[in-house]
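Heavy atoms only: backbone and side chains are in, while hydrogens, waters and symmetry mates are out. Note on naming: letters A, B, ... go to the chains in the order of the sequence lines (proteins, then strands), and numbering restarts at 1 for each one.
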Amino acid sequence: MTQLLQTLVDGLTVGALYALIALGYTMVYGILKFINFAHSDIFALGVHMTIVIAGWLGVVATASTLPPWYVGPLVLVMAMLSCGLVGFIIERFAYRPLRNAPRINVLITAIGVSLFLQNIGQLKPLSDSLGIPFSPYPRAIPPLLESTVLNDSTIAEGTLFPRDDGSVVIDHDVTLEPNRRYRLDIMLPDGVERTVRITAPAGTIPAGASIPTTPPLSDAPASSALYELVRAPRVPISLVDVTVIGTALLLMLALQYLIYSTKLGMAMRAVSFSPRNASLMGINVDRVISLTFVIGSMLAAAAGFLYALKYQGQAKQTADSMWVMLGLKAFVAAVVGGIGNVRGAVLGGLLIGLIEFFGVAYVSSNYRDAYVFAILIIVLLFRPEGVLGRATVEKV
Amino acid sequence: VSKLLDHAGRLKPPIAYSAVQALWPLVAAIGVGLLMFYVVGPWLGGYRANIAVFIGINIILAVSLTLVNGFTGQFSMGHAGFMALGGYAAASVVYYGSMKFWGSAEFAGGGLSYSGLDQFAGPLLGKGDVLLVIACLVGGLSAAVAGYVVGLPSLRLRGDYLAIVTLGFGEIVRVLLQGTGDQIQPWKAASAEDIPWYKLLFMLGGPKGFNLLPTYATLFWVYLAVVLTLVVIYRLKMSSSGRAFLSIREDEVAAQAMGVDITRYKVRAFVLSSFFAGIAGALFGLYIGSINASELGFLRSFDIIIMVVLGGMGSISGATLAAIILTIVPEVLRDPPPVWPAGAFILLVMLVVQAWRRRWSVKSFIFVALTTAALEFGRQYCLSQGKNPADYRLILYALMLILMMILRPDGLFGVNEIWDYFKAFRRGSVARRARRIEPKGGLT
């Protein structure tokens with residue numbers, strides 16, 4: 001049960017990221033009818049722009065203290081803007097000249113753009129002289145958010161007394177349940193905070209009895225201190241997970257509003273329905289397509305930012321097939337949900353995230369990438385239009 | 001009716017003619033193989049001969065992918081997956097076959113498959129060579145079976161969807177091969193005899209790769225395969241099947257209306273293409289002596305696609321040329337020669353050609369001149385900064401791919417072969433006026 005819930009939380013978090021990336025794929029596909037292979041590189045760029053911008057704002061991977069709260073949103077907005085600009089440039093110079101070309105050619109161009117971005121990212125001169133830290137070497141993601149667990153439950157608080165043998169005495173009767181983890185958050189008199197784990201066996205401990213802890217509190221001054229006795233949840237839900245899912249949800253709702261309730265959204269839907277008729281109705285098709293790319297790239301950048309939140313502290317390489325693989329999974333999500341369908345992309349992203357994590361948890365972690373593609377092939381064989389997609393009839 | 005049958009019977013070529021037609025490619029292949037092995041190889045020397053082998057393998061890969069991506073107009077992005085499958089199948093046949101049949105995985109071939117530097121004392125062909133040929137066929141066939149499996153969804157999918165499914169297939173193959181168990185080490189060859197075949201098929205080295213294979217593939221075997229592949233694919237292009245492939249590429253609906261069985265020909269293209277990719281994988285593994293699925297992911301598939309696109313979507317000679325160029329270029333870039341002589345030569349050729357055809361295109365001159373200047377500048381910059389220009393080749397490839405699609409969407413030669421261009425120069429020939437050399441668009 002615990003594992004199930006844990007997998008569910010992880011799957012949903014990563015699924016929300018997939019969904020954000022999938023939205024970019026699905027919007028471009030809906031309008032231009034081609035797979036934007038460079039989209040996964042925009043996502044990777046988003047992760048790296050997060051690192052770069054956080055570095056400019058003074059947050060580096062080795063920082064011991066967290067930045068003030070407004071740095072995170074600021075980094076998010078700047079990463080989105082820069083990636084939106086890159087998306088605009090790509091559309092303007094690589095895809096627009098091919099507007100009326102056969103689709104295979106556009107597909108190959110997209111592969112070219114993807115390779116181009118990947119290899120530009122590895123250039124050493126950029127990292128040496130311009131200070132843009134894209135290089136073949138891995139870089140650590142700086143911490144931007146506290147790694148607090150939200151559903152901790154405090155079961156007692158009061159004053160405690162450390163003893164010489166490293167155990168503590170507290171002023172409450174407590175009952176420890178079996179198979180749960182407990183910890184003491186301690187505020188020492190000099191203002192220093194400490195956290196120790198309780199190693200006592202399950203059962204009721206009366207006030208005044210000694211409780212063994214690890215690491216032992218023996219180095220603490222032998223005076224009373226304030227404490228909070230905290231029971232760790234079976235399924236920890238961290239602030240990071242909530243932020244990731246919350247931000248993703250917010251962006252998806254914003255996109256939903258944009259597409260279905262604004263004039264620009266109506267123009268996008270019109271262009272997706274028929275570019276020629278849309279232009280006859282006075283819609284500037286080129287501008288709508290440009291904006292679609294910008295919005296898709298911004299969503300990918302947001303996904304990159306959230307990815308950096310989720311995996312903060314880890315070292316990531318600029319050039320790694322991992323990014324392409326993540327992007328491909330997001331594309332699979334878009335196809336599974338029904339490509340060209342915005343709600344389908346969200347559903348597909350969550351589905352793919354859950355399938356991947358349940359496969360890893362319950363079958364084998366060796367075949368992580370295989371599950372996703374197996375699902376893709378099954379969906380394409382039995383319902384090529386995707387879960388929420390509408391089948392199109394080809395007319396001659 | 002009998003008169004008609006009689007007439008049809010007379011159209012059939014005599015047996016001797018058929019036999020010659022069937023056998024000359026084999027003779028030519030053996031001839032070219034021997035030439036490469038005895039003359040060209042020693043002349044090139046170790047390092048360059050090594051590159052020549054990779055050129056041969058890349059030619060097989062590029063030409064076989066042309067069959068699907070070029071002729072049939074489907075877009076396969078999992079070619080490296082077929083290559084990996086064939087490579088592993090062949091490697092297991094050779095490795096475990098040697099263990100089963102003669103108790104050790106040592107080299108047991110003849111002089112034609114000996115790649116050591118010293119003189120080989122022994123017959124030209126050994127018992128190991130039989131195993132090599134069987135291994136290549138098994139590798140090709142197992143890849144072909146996989147090609148059939150992948151070809152089936154292509155009945156329902158078009159363009160992008162098919163691309164992503166083939167890519168997914170390639171990745172699944174890679175992941176599955178990396179999930180296999182440890183191989184039996186050569187010094188434990190005796191223990192292999194008690195293990196049944198089907199169990200050995202799951203002991204392929206896993207993430208460490210399948211190593212210490214006996215190396216049978218040499219310039220001889222590789223170029224034998226190259227010539228056979230080229231002849232088979234060329235004849236296929238010129239046959240009724242080839243016309244069916246091209247018709248599917250040009251317009252699927254129209255092809256169907258003309259009675260082409262689209263399903264059958266798409267699957268046929270996939271099966272044949274993956275067969276040759278499997279052979280290339282087999283030769284690749286048995287030349288290097290190890291094969292690792294992690295190197296045969298989608299980046300390798302992209303490499304092959306770039307060759308096909310550069311050569312022309314549907315041109316055998318173009319794909320061959322592109323495979324040669326794209327294998328040599330990274331090697332040349334390690335120590336780059338000046339670019340301007342090549343640029344000047346191309347400009348001169350263009351001048352002559354355009355003067356002959358009396359059709360002038362100033363744009364193309366400016367383009368070549370600018371490209372040459374940019375490359376020369378890049379070279380000078382790299383030299384002055386003490387950097388290795390080979391590091392930038394992938395950026396060049398990517399830019400080339402994008403520019404190619406914008407400026408010349410059908411690649412260097414389009415569906416035409418190189419010699420089609422020479423035909424057009426025959427003075428007063430019908431070909432010159434009737435044949436528009438410009439490749440037609442219309443890929444979907």
message = Surrounding OH of A:Y362 (heavy atoms of other residues, nucleotides or ligands, distance under 6.0 Å), is the total greater than 12?
response = yes

ask   = Looking only at heavy atoms, what is the nearest atom pair of B:A398 and A:G112, with distance?
value = CB-O, 3.4 Å

task = Please state whether the side chain, the backbone, both or neither of A:L117 comes within less than 4.5 Å of a heavy atom of chain B.
result = neither

query = Rounded to the nearest 0.5 Å, how far apart are CE of B:M77 and CZ of A:F37?
reply = 3.5 Å

request  = Output the distance between atom CD1 (B:I164) and atom CZ (A:F331), rounded to the nearest 0.5 Å.
outcome  = 4.5 Å

ask   = CD1/B:I402 to OH/A:Y95 distance, rounded to the nearest 0.5 angstrom?
value = 8.0 Å

key: Working for side chain to side chain contact (heavy atoms under 4.5 Å, CB included), residues B:I306 and A:L115   = CA-CA 11 Å; B:I306 292 175; A:L115 289 177; 3.7 Å; yes

query = Hey, mind stepping through A:I111 and B:V309 against side chain to side chain contact (heavy atoms under 4.5 Å, CB included) and telling me if it holds?
reply = CA-CA 12 Å; A:I111 295 175; B:V309 172; over 6 Å; no

query = In Å, rounded to the nearest 0.5 Å, how long is the span from CG of A:D369 to CD of B:E171?
reply = 7.0 Å

request  = Walk me through it: do A:I108 and B:F75 pass the test side chain to side chain contact (heavy atoms under 4.5 Å, CB included)?
outcome  = CA-CA 10 Å; A:I108 294 167; B:F75 202 76; 3.7 Å; yes

note = Bottom line for A:V335: the part with an atom under 4.5 Å from chain B's heavy atoms is side chain

Nearest non-hydrogen partners of A:P97 and B:I406, listed with the distance = CB-CG2, 3.9 Å

query = At what distance, to the nearest 0.5 angstrom, does OH of A:Y371 lie from CD1 of B:I172?
reply = 11.5 Å

query = To the nearest 0.5 Å, how far apart are CD in B:Q178 and OH in A:Y367?
reply = 10.5 Å

key: Shortest non-hydrogen contact from A:L107 toward B:A163   = CD2-CB, 4.1 Å

query = Given a strict heavy-atom distance threshold of 4.5 Å, which part of A:L376 is in contact with chain B: side chain, backbone, both, or neither?
reply = side chain

